[in-house]
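Data block below; observations after.
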Amino acid sequence: MINLDISNIWGEYTLNDLLALEKEVFTAHRTLIDGKGPGSDFLGWMDLPVFEATEEMRRIAAAAKRIRESSDVFVVVGIGGSYLGPRAAIELVKGQNHNLRGKDPQVFFAGNNLSTRAWQELCALLEEKDFSINIISKSGTTTEPAIATRALKWMLERKYGAEEARKRVFVTTDPAKGALRQMAAEEGYETFVIPPNVGGRYSVLTAVGLLPMAVAGMDVTEVMFGAASAKRDMDVLSFENPAWLYAAGRNLLYRNGKAIELLCNWEPAARYFGGWWQQLFGESEGKDGQGIFPATVEFTADLHSLGQMIQQGQRNLFETVIRFAPLRKKTMIELDWKNLDGLNYLEGKSLDFVEEQAFLGTLAAHVDGGVPVMLVQADEICDRTLGELFYFFELSCGISAYMLGVNPFNQPGVEFYKRNMFQLLGKPGYEKK
Ligand code: PA5
């Protein structure tokens, strides 16, 4: 269950200012529910969460089982919304070092950059390993994953021969359109669907996220159960809904000069979750000269770098802190009779206790320093909590973007770099005018 604590945001504005936004939040949420706003043909993400496994989820589970039996490594090829969700999910639940654990297949990500160094490193890692690949691209034409796909396909065919290679390629794409759909049909690859009404950054609860999660050993029915519970809880049209509080809180702060939002994680495993959140809000809101700039920090590490800026730099930011319920299994700080490090005052205390004091101390310092803080309180990290968080942030983002007056579901600005790059690369159809 997700709770939002906004008791640390008040400054020149008060609870009454937030409550005054009720009609706006209501209208934004209703616009989503009624499908009447800009981009309304991309609202499929609202119907994805389900309490019972769908046929697609059963196919995903079956494919994941085969992949887990046949592969040491699973390479997930994709960028943007076709990359950040699966990586966020696997790292949050299985941990940053999931690839070193040995029990599940290793999951590597490719096609999310154009670095020769990263590519050659991956090739070296794949040597002598049995591997399968999952090509994820809704359009099927994105350059970065397309280049990685061409090379990985060739590596598979050389290693296993055409017939076995075919069984090791899994394609997640549009059900009808695009070069990837066509390639899958011609080559006979198993395919999964990104529904046409689900945009990239809202696609984590489709096969985009679910197949990699299942291969990594996660329980995708639990992830979906979490998302479905969040959807049920957040259908409420009132400030009891945490998505309402979050969307209204961040808009109130934005209108009062807080143009930067820092998502603060106290769990290193949540780094890529921060990346997913950053894309969700950045691409959804940053347009028409509008938008809260979404940045991420990791505490306590970043308290020793950006902490100074947060405490005493320009007062143009606010924080959204994600707090997970602590682990039941504790790590204790032991007595060291020499006490050369001077830490004996912590003897018998748990690491959690120390972390909680660091959190409370940081919260008080930042609030005193003029940084409003919203707290997102979630249960212990697990598949279900992950699903809840995904839906909570997606819904909040849709509401918040409509409150800003922008279309949450397009990303026209992303095309500009592509056009220049294609022109420079000499892609047919992009010749210099
Ligand atoms: O959110 C989005 O729509 C984008 O970030 C896309 O996911 C990204 O550009 C990749 O696109 P595609 O899945 O078509 O390869």
Side-chain angles (χ1 to χ4, degrees), residues 38-46 48 75-89 109-114 133-153 169-184 189 191-212 272-287 291 293-294 296 390-391 393-398 400-401 406-422 425 427:
S40 58
D41 37 355
F42 286 98
L43 290 173
W45 56 274
M46 295 180 81
L48 294 173
V75 185
V76 179
V77 183
I79 195 165
S82 295
Y83 157 60
L84 289 160
R87 187 154 193 178
F109 293 89
N112 54 66
N113 60 66
L114 292 168
I133 66 174
N134 181 197
I135 312 157
I136 309 178
S137 176
K138 187 170 180 204
S139 62
T141 54
T142 309
T143 311
E144 293 90 333
I147 291 175
T149 298
R150 178 179 281 211
L152 284 164
K153 255 182 78 184
V169 181
F170 298 83
V171 167
T172 307
T173 190
D174 184 275
K177 290 192 307 227
L180 195 52
R181 171 58 56 186
Q182 207 177 326
M183 180 200 289
Y189 299 146
T191 59
F192 296 93
V193 162
I194 310 178
N197 63 352
V198 178
R201 58 189 171 277
Y202 291 85
S203 68
V204 67
L205 296 174
T206 68
V208 169
L210 300 182
L211 179 60
Y272 272 89
F273 188 86
W276 172 84
W277 168 90
Q278 203 165 23
Q279 189 211 0
L280 180 69
F281 281 88
E283 273 192 351
S284 299
E285 294 193 329
K287 53 198 72 155
F293 188 90
T296 58
F390 276 142
Y391 192 80
F393 280 117
E394 286 176 349
L395 178 63
S396 304
C397 184
S400 179
V406 298
N407 177 349
F409 306 113
N410 65 1
Q411 55 285 329
V414 179
E415 296 310 310
F416 286 73
Y417 100 90
K418 290 189 193 166
R419 203 178 311 146
N420 289 346
M421 176 177 76
F422 290 152
L425 287 170
K427 183 172 178 171

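For ligands, and for the atoms within them, numbers begin at 1 and follow the listed sequence. Predicted model only: the values in this text are computed from it and were never measured.
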| message | To check your reading of the model: name the closest protein heavy atom to atom 5 (O) of ligand 1, its residue, and the distance in Å. | response | Q279 NE2, 2.6 Å
| Y189 to V171 - nearest heavy-atom pair and separation | CD1-CG2, 3.9 Å
| Which ligand 1 atoms are under 4.0 Å away from a heavy-atom of Q411? | 3 (O)
| query | Any idea which atoms of ligand 1 are less than 4.0 Å away from a heavy-atom of S139? | reply | 12 (P), 14 (O), 15 (O)
| message | Quick check on side chain to side chain contact (heavy atoms under 4.5 Å, CB included): which of Q278, E283, E394 does R201 satisfy it with? | response | E283
| query | Do S139 and T142 pass the side chain to side chain donor-acceptor pair (under 3.5 Å) test, and can you show the C-alpha distance, the side-chain angles, and the key distance before you say yes or no? | reply | CA-CA 7 Å; S139 62; T142 309; 3.2 Å; yes
| query | Which protein heavy atom lies closest to atom 10 (C) of ligand 1, and at what distance to 0.1 Å? | reply | I79 O, 3.3 Å
| query | For G81, is at least one N or O under 3.5 Å away from an N or O on ligand 1? | reply | yes
| remark: min-distance protein heavy atom vs atom 1 (O) of ligand 1 -> E283 OE1, 2.9 Å
| atom 11 (O) of ligand 1: nearest protein contact (heavy atom, Å) | T142 OG1, 3.6 Å
| message | Show the nearest heavy-atom pair for residues I79 and N113, with the distance to one decimal. | response | CD1-N, 4.5 Å
| query | Are any of the N or O atoms of K418 closer than 3.5 Å to those of ligand 1? | reply | no
| said: Would you compute the distance between atom CZ of F273 and atom CZ of F390 and round it to the nearest 0.5 angstrom? | reply: 5.5 Å
| query | More than 12 non-hydrogen atoms from neighbouring residues, nucleotides or ligands closer than 6.0 Å to NZ on K177, yes or no? | reply | no
